[in-house]
Amino acid sequence: MKKRRSIIIICFMMVFLLQAMNVQVFADTVVSVTSISLNKMTDALTVNGVDTLIATVYPTTATNQAVTWTSSNTNVVKVFNGVVVAVSPGTALITAITGDGYKTSSCMVVVSQADTSISLNKASTALTIFGNETLIATVNQNTGTSQNVTWASSNTAIVQVANGVIFGVGAGTAVITATSANATNIVSCVVKVTSPVISINLNKTSDYLTVGGSDVLTVSVNPPTSTNQVVTWASSDTSKVQVIDGVIIAVSAGSAAITATTADGSKTASCSVIVNSSGTVGSKVTSISLNKTSDTLNLGSIDTLIATINPSTASNQNIAWSSSNIAIAKVANGVVIPVSAGSAIITATSADGYKTASCIVVVNAASNISIIRLGGADRYQTATAISQSGWKTTSSYAVLATGNDYPDALSAAPLAKKYNAPILLTDKNSIPQTVITELKRLSVAHIFITGGTGVVTQSIENQLNTMGIATERLGGADRFETSIKIAEKLGVVSGEIMVTNGMQYADALSASSIAAKKGIPIILTNKDALPDPTNTFISNKSFTKTYILGDTDLISNYVANKFSSIERIVGSDQYERNINIIKRFESDINFKSICVATGKDFPDALSGSAIAAMNSTAIVLVDDSNLKNITTNYISGKLPQVNNVYIFGQQGAVSDATVNILFKK
């Protein structure tokens with residue numbers, strides 16, 4: 001009995017010791033959740049904004065720390081493990097619930113429209129290679145500009161973008177993105193660029209069959225990389241000739257035209273098929289000859305071969321043309337079109353298939369066009385860069401004009417050409433240091449200052465004299481009289497004259513180098529009234545031809561009729577007039593070199609007119625943000641002649657993207 005009591009006492013003592021040592025004797029004890037709290041009771045977000053709510057379960061030793069999250073309105077706010085995402089404007093209550101489902105804590109989230117939003121006028125569009133279009137970005141309901149929208153292309157080999165203007169470069173698809181200034185909003189436009197079919201040719205333009213006979217017509221698409229090369233076939237008279245995928249079948253005696261048409265319906269090629277029941281057509285062709293047996297062409301040019309059938313009385317005068325290598329040269333109705341460098345044999349075959357004549361065509365590789373950018377940090381440095389390029393050693397003369405406005409220097413290019421002088425620019429009251437340095441480098445001895453002291457002050461003239469440079473001011477009471485002073489200095493008293501509206505600069509700059517090359521003055525006038533100095537000047541001279549630059553919206557008939565033998569050169573805007581002026585005087589222009597300047601401001605083209613005149617070439621004016629089709633099409637036709645391209649100004653004036661489009665770089 002005593003032994004049993006001893007055992008019980010020992011057991012109680014062990015339990016006491018174990019509890020004192022914090023050792024759990026019985027099963028684990030469950031600690032219940034008493035409450036839950038969030039780090040925020042309210043929150044404010046903008047659409048697409050994100051924030052994180054932190055839930056704390058009490059006591060922190062609670063056995064079940066699990067938390068689930070809910071939103072009272074998932075159309076406004078969504079929640080994922082405490083991360084709240086703003087979906088649309090409105091309010092929603094975000095609730096954290098403990099794992100036992102009994103304790104909750106909530107945060108009211110208010111969602112407002114983002115401060116900055118951005119949208120595009122198009123989500124997708126299509127271009128052809130060398131085509132362009134303008135995308136409009138709207139930021140905060142205002143039209144986006146280059147200052148608050150960043151543009152990018154996912155593939156610049158397919159589409160390039162500059163200030164929202166997209167340019168098709170190669171076939172394919174690219175995504176254009178516009179990003180708001182704070183980089184929080186991005187919108188995109190999918191652009192598909194296709195390579196358009198320029199022309200299609202058939203292997204025969206004429207064919208001869210007997211009833212029941214057949215032949216195969218094949219079509220070649222130019223360029224071979226065109227996106228859609230599918231053609232449809234049709235016969236003008238299926239009772240005479242039927243066609244199935246290019247296979248022609250003679251049905252009955254007579255004739256029919258077989259036509260292949262591109263998928264978009266824009267390009268066609270035809271073959272005239274004659275069907276004879278007996279298989280004879282009267283007198284036979286005895287021979288065929290070409291006007292050339294060899295020919296040399298440059299890429300971008302074309303030539304026409306003329307075939308002569310003997311006898312001239314032969315019943316079938318039809319000829320089929322073919323090329324031994326259409327990758328080098330193609331032919332359509334005798335017109336030879338170079339494709340790439342190499343040689344090919346162009347063959348003319350009589351319709352009966354027996355007589356042929358051939359010409360070996362050699363295609364020269366396109367010359368490498370050198371792009372020479374002449375520009376500086378400002379208009380004064382750009383003028384200096386142009387001077388340094390054109391006058392590498394010295395120049396006894398220089399023309400100095402204000403860089404602040406255009407009127408007094410518009411007529412200066414012919415004067416600069418006469419004295420082989422660069423045109424430099426100055427501020428009204430002081431000569432920029434870069435110009436002073438250039439004058440010293442050139443060792444200029446005589447300067448013509450265009451304009452009165454109101455635009456180029458006497459202090460500048462004094463400074464030049466102090467430098468040992470003689471000055472001669474050609475300035476009048478206004479821009480019109482100044483143009484007359486320059487014309488008088490030019491010394492031309494007869495022949496041709498150019499007249500432009502003195503209240504705008506583009507037309508005078510378009511004509512400047514051409515007038516300089518021809519040695520004829522550029523005279524300024526008002527639209528509706530001929531200034532007195534101009535009237536006096538032409539009254540004392542014997543000008544027999546007058547080029548009026550612009551239509552009656554620029555120079556009225558009343559003013560134009562004051563001049564002799566007028567010829568208007570017009571266009572819908574300054575860029576079309578620019579090209580039309582160049583076209584009119586193509587015979588006076590050497591296209592081995594060509595100059596490009598912005599049409600949005602005057603200084604670069606003004607300074608550049610001197611070097612353009614030196615090279616007997618023209619200045620092409622461009623709108624860098626909206627390149628005109630008439631400009632790209634005209635330049636494209638001149639590319640085989642061009643060796644050097646002078647770009648006046650930096651990227652802000654004429655971008656590389658524009659240069660690449662114009663000159664296929």
Side-chain angles (χ1 to χ4, degrees), residues 130 295-303 336-341 361-375 382-383 385-393 395 413-414 416-418 420-423 509-520 569 575 578-599 604-622 627-628 630-649 653-654 656 658-665:
F130 306 131
D295 200 3
T296 301
L297 297 175
N298 295 322
L299 287 173
S301 62
I302 62 173
D303 199 5
V336 182
I337 306 168
V339 177
S340 63
V361 176
V362 177
V363 179
N364 293 325
S367 60
N368 292 325
I369 298 177
S370 297
I371 305 297
I372 305 160
R373 186 178 286 276
L374 303 176
T382 294
I386 293 169
S387 174
Q388 290 170 346
S389 175
W391 289 263
K392 298 186 182 299
T393 55
S395 176
K417 173 65 174 175
K418 178 178 179 179
N420 190 26
I423 298 176
L509 294 177
S510 296
S512 58
S513 61
I514 297 168
K517 168 70 166 53
K518 294 170 68 66
I520 63 179
I569 304 175
Y575 301 101
N578 170 249
I579 295 303
N580 287 341
I581 289 169
I582 295 172
K583 285 180 178 179
R584 172 59 182 82
F585 299 101
E586 278 186 331
S587 61
D588 297 295
I589 298 171
N590 183 350
F591 285 98
K592 287 184 178 180
S593 295
I594 199 161
C595 302
V596 180
T598 177
D604 296 346
L606 173 61
S607 302
S609 63
I611 196 172
M614 174 184 286
N615 288 289
S616 299
T617 189
I619 299 176
V620 176
L621 299 181
V622 298
L627 194 58
K628 308 298 183 181
I630 189 172
T631 305
T632 56
N633 292 339
Y634 185 78
I635 293 298
S636 178
K638 296 301 178 185
L639 288 181
Q641 303 176 48
V642 178
N643 293 328
N644 298 307
V645 177
Y646 293 92
I647 308 299
F648 302 147
V654 181
D656 285 341
T658 293
V659 175
N660 293 341
I661 291 170
L662 283 174
F663 300 99
K664 313 295 191 293
K665 297 296 283 183

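Sequence positions, counted from 1, serve as the residue numbers for this chain.
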How close do [X] and [Y] get, counting heavy atoms only, and between which atoms?
{"X": "Ala618", "Y": "Ile589", "result": "CB-CD1, 3.9 Å"}
{"X": "Ser510", "Y": "Leu621", "result": "OG-CD1, 3.4 Å"}
{"X": "Ala597", "Y": "Val654", "result": "C-CG2, 3.9 Å"}
{"X": "Val622", "Y": "Tyr575", "result": "C-CE2, 3.4 Å"}
{"X": "Ala605", "Y": "Ile619", "result": "O-CD1, 3.6 Å"}
{"X": "Ile611", "Y": "Ser389", "result": "CD1-OG, 3.9 Å"}

How many angstroms lie between atom [atom1] of [X] and atom [atom2] of [Y], to the nearest 0.5 angstrom?
{"X": "Asn578", "Y": "Thr631", "atom1": "CG", "atom2": "OG1", "result": "6.5 Å"}
{"X": "Lys628", "Y": "Ile579", "atom1": "NZ", "atom2": "CD1", "result": "12.0 Å"}
{"X": "Met614", "Y": "Lys417", "atom1": "CE", "atom2": "NZ", "result": "7.5 Å"}
{"X": "Tyr646", "Y": "Thr617", "atom1": "OH", "atom2": "OG1", "result": "9.5 Å"}
{"X": "Ile661", "Y": "Ile635", "atom1": "CD1", "atom2": "CD1", "result": "13.0 Å"}
{"X": "Trp391", "Y": "Asn420", "atom1": "CH2", "atom2": "CG", "result": "6.5 Å"}

Would Ile371 and Ile647 count as a side-chain contact (heavy atoms from CB on, under 4.5 Å) if you check the C-alpha gap in whole Å, the side-chain angles of each, and the deciding distance to 0.1 Å?
CA-CA 7 Å; Ile371 305 297; Ile647 308 299; 3.9 Å; yes
Quick one: does [X]'s side chain get under 4.5 Å of [Y]'s, heavy atoms only?
{"X": "Pro422", "Y": "Ser395", "result": "yes"}
{"X": "Leu662", "Y": "Val645", "result": "no"}
{"X": "Leu606", "Y": "Leu509", "result": "yes"}
{"X": "Val339", "Y": "Val363", "result": "no"}
{"X": "Lys518", "Y": "Asp588", "result": "yes"}

Which is it for Arg373 and Asp656 under the side-chain contact (heavy atoms from CB on, under 4.5 Å) test, yes or no, and what are the steps along the way?
CA-CA 10 Å; Arg373 186 178 286 276; Asp656 285 341; 2.9 Å; yes
For Phe130 and Thr632, run side-chain contact (heavy atoms from CB on, under 4.5 Å): C-alpha distance rounded to whole Å, both residues' side-chain angles, the deciding distance at 0.1 Å, then the answer.
CA-CA 8 Å; Phe130 306 131; Thr632 56; over 6 Å; no
Check the pair Val659, Val596 against side-chain contact (heavy atoms from CB on, under 4.5 Å), reporting the backbone distance first and the verdict last.
CA-CA 9 Å; Val659 175; Val596 180; 6.0 Å; no
